[in-house]
Amino acid sequence: MRWTAVAVVAGCLAPLYAAPVAHAAPPAAPKAPRALGAPLAPLAPRAPLAPQNCQPPAGNMTAQQIVQNGQPWAQQILNFGAAHERATGRGVKVAVVDSGVTPANPQLAGQVLKGEDVSRSGAADCIGHGTWVAGIIAAKRGVTPFTGVAPDAKIIPIKFAAQAQNVDSGLAAKGIDAAVRLGADVINVSTQSLGDDPRLRQSVENALAKGIVVVAAAGNIDPKNGKPPGLMYPSAYKGVISVGAVGQDGQVSTFSNQQTPVSVIAPGKDILTTSPDGNYAVAEQGTSFATPFVAGLAALILEAHPNLTAAQVKQRIEGTAEGSKGAGSGAGMINPVEAITAVNVQGPGQQGGAGSPVRIAMADRPDPTTEKVALGIAGGALGAAVLVVAGGMLIPRGRKRGWRPGYVQPSRRGPDEPSEA
């Protein structure tokens, strides 16, 4: 038996590797009973709140800049305003199984519940990734034009990654188990593993059996080896909502893995969110940041339809999505308003099985100009521009939503190409 490693890094997951299983050691011999009056063995020291070298990336935007620029592009095309008239995620708990969450940003104040650190490295987010994901899901309203998908949902921070790469996927499994114990309704797993680890598979199956929605990143392409990646986990497990990424042009991003069966697509490039230092960041691109849009949508659905099963939430998200059925796009771009309000939803509600793993790399860091690109123009000018981008590929349909994608195909443009950081 073998296990693989998973990693969370800025934007997605770093290259992973396989290693001998660490949990198959034979049981230790029974210890002799301690004599009465004998001194107790010293207790192991507790892990510190954060390692001494904990230096997450600083935010590159302030609240004032966001106020001046207006709503981010992803927020506009998904029509959060109309969706929030119907649901805001109130009463729903979303576990972020990641690098931890540092709620220093005022839009995360009061949004983060008590979580668990299965890495035993301290609860602080030393990578920034988990805090970025949490902001996309549940940044509250009323501070800046930016808001999370489910601004009244609560975050359960589960830290399993204390470093950016080469993390045992067994820790990710423990993180999912912790999310189940702490009462999560939705579990966001913005990580990718090269192989089918039985521990990870069992944890996912257990969460789904308990009615918990599991949303995971489809993974990112390594542009250097010249080969498409294979299936990534846990997104390739049956019942998991697997998420691919699109850019502002509505095309499937070149870094988005098309080999893992994709359920739906969501914005995954030039994404504004919260940073651990209390400011804001344009998150490094990847399917990692498309995933929390879908996890937040699941929270909206569960508020509006609290009796739905995990499979029914998955079916509703897929059945109301719009776009190409081509490689990497699944059922298409998510549609929050339709997912909340639609009646008699029909959708695939299925997911692919396991397969052979291959090596992947994390997506590139955003160009400095994305600080401006990520934000919309106040007054809705960007919303109008999006409707005519890419030669009419994005077609407005219906009055319940401000924007809906039309035909979606993988982008072949050079500037999107990711590179290892």
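Throughout, residue positions are numbered sequentially from 1 according to the sequence presented. If you're wondering where the values come from, they're calculated on a predicted model, not measured in any experiment.
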Is there a side-chain contact (heavy atoms from CB on, under 4.5 Å) between Tyr280 and Thr273 once you walk through the steps?
CA-CA 6 Å; Tyr280 298 84; Thr273 186; over 6 Å; no

Could you give the distance from [atom1] ([X]) to [atom2] ([Y]), rounded to the nearest 0.5 Å?
X      : Y      : atom1 : atom2 : result
Ile271 : Gln75  : CD1   : CD    : 10.5 Å
Ile137 : Ile155 : CD1   : CD1   : 4.5 Å
Asp98  : Phe160 : CG    : CZ    : 6.5 Å
Leu200 : Tyr233 : CG    : OH    : 10.0 Å
Ile340 : His84  : CD1   : NE2   : 7.5 Å
Gln163 : Cys126 : CD    : SG    : 11.0 Å

State, with a plain yes or no, whether a side-chain heavy atom of [X] is found less than 4.5 Å away from one of [Y].
X      : Y      : result
Thr62  : Gln65  : yes
Val243 : Pro292 : no
Thr291 : Val133 : no
Val337 : Glu85  : no
Ser121 : Lys159 : yes
Pro103 : Gln111 : no
Ile66  : Leu272 : yes
Asp277 : Pro56  : no

Single hit among Val96, Val94, Leu182, Asn188 for side-chain contact (heavy atoms from CB on, under 4.5 Å) with Ile156:
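The option that passes is Leu182.
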
What are the two closest heavy atoms between [X] and [Y], and how far apart are they?
X      : Y      : result
Pro106 : Val143 : CG-CG1, 4.3 Å
Val149 : Gly296 : CG1-C, 3.6 Å
Ile265 : Ala245 : CG2-N, 4.4 Å
Val186 : Ala295 : CG1-O, 3.9 Å
Leu297 : Ala339 : CD1-CB, 3.9 Å
Ala178 : Ile158 : CB-CD1, 4.1 Å

Ring pair (Phe, Tyr, Trp, His ring centres under 6.0 Å) partners of Phe146, counting only residues at least two apart:
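By the ring pair (Phe, Tyr, Trp, His ring centres under 6.0 Å) rule, Phe146 matches no residue at all.
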
Please confirm whether the backbone N or O of [Y] pairs with a side-chain atom of [X], one donor and one acceptor, at under 3.5 Å?
X      : Y      : value
Asp117 : Gly122 : yes
Asp185 : Lys93  : yes
Lys154 : Gly110 : yes
Thr260 : Met232 : yes
Thr131 : Thr102 : yes
Asn60  : Val282 : yes
Ser193 : Ser169 : no
Asn206 : Gln202 : no
Asn279 : Gly59  : no
Thr287 : Ala217 : no

Is the closest side-chain donor-acceptor distance between [X] and [Y] under 3.5 Å?
X      : Y      : value
Thr274 : Gln107 : no
Thr147 : Lys140 : no
Ser190 : His129 : no
Tyr237 : Asp196 : yes
Ser99  : Asp125 : yes
Ser203 : Asp177 : yes

Go through Ile301 and Leu308 one step at a time and tell me if the side-chain contact (heavy atoms from CB on, under 4.5 Å) criterion holds.
CA-CA 9 Å; Ile301 293 171; Leu308 292 184; 3.7 Å; yes

Could you please spell out the steps behind the side-chain contact (heavy atoms from CB on, under 4.5 Å) verdict for Leu78 and Met333?
CA-CA 9 Å; Leu78 296 179; Met333 178 76 88; 4.2 Å; yes

Determine, step by step, whether Gln71 and Gln76 satisfy the side-chain contact (heavy atoms from CB on, under 4.5 Å) criterion, reporting the C-alpha distance in whole Å, the side-chain angles of both residues, the deciding distance to 0.1 Å, and the verdict.
CA-CA 7 Å; Gln71 290 186 359; Gln76 291 192 36; 3.5 Å; yes

N/O donor to acceptor pairs below 3.5 angstrom from side-chain atoms of residues 208-216, sequence neighbours left out:
none

Test: Arg199 and Asp168 ion pair at under 4.0 Å:
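A salt bridge is present here (some side-chain N lies under 4.0 Å from a carboxylate O).
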
State whether Lys174 and Glu116 are salt-bridged, where the test is any N-O pair (Lys NZ or Arg NE/NH1/NH2 against Asp/Glu carboxylate O) under 4.0 Å.
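Looking at Lys174 and Glu116, the cut-off is not met.
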
Show, in sequence, the C-alpha distance, side-chain angles and deciding distance for Arg90 and Asp152, and conclude whether the salt bridge (Lys or Arg N to Asp or Glu O under 4.0 Å) test is met.
CA-CA 5 Å; Arg90 186 175 302 277; Asp152 288 330; 3.0 Å; yes

Mind jotting down which residue pairs meet the side-chain hydrogen bond (donor to acceptor under 3.5 Å, both in side chains) criterion with at least one end in residues 299-312? Sequence neighbours excluded, please.
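Matches after skipping sequence neighbours: Thr309-Gln312.
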
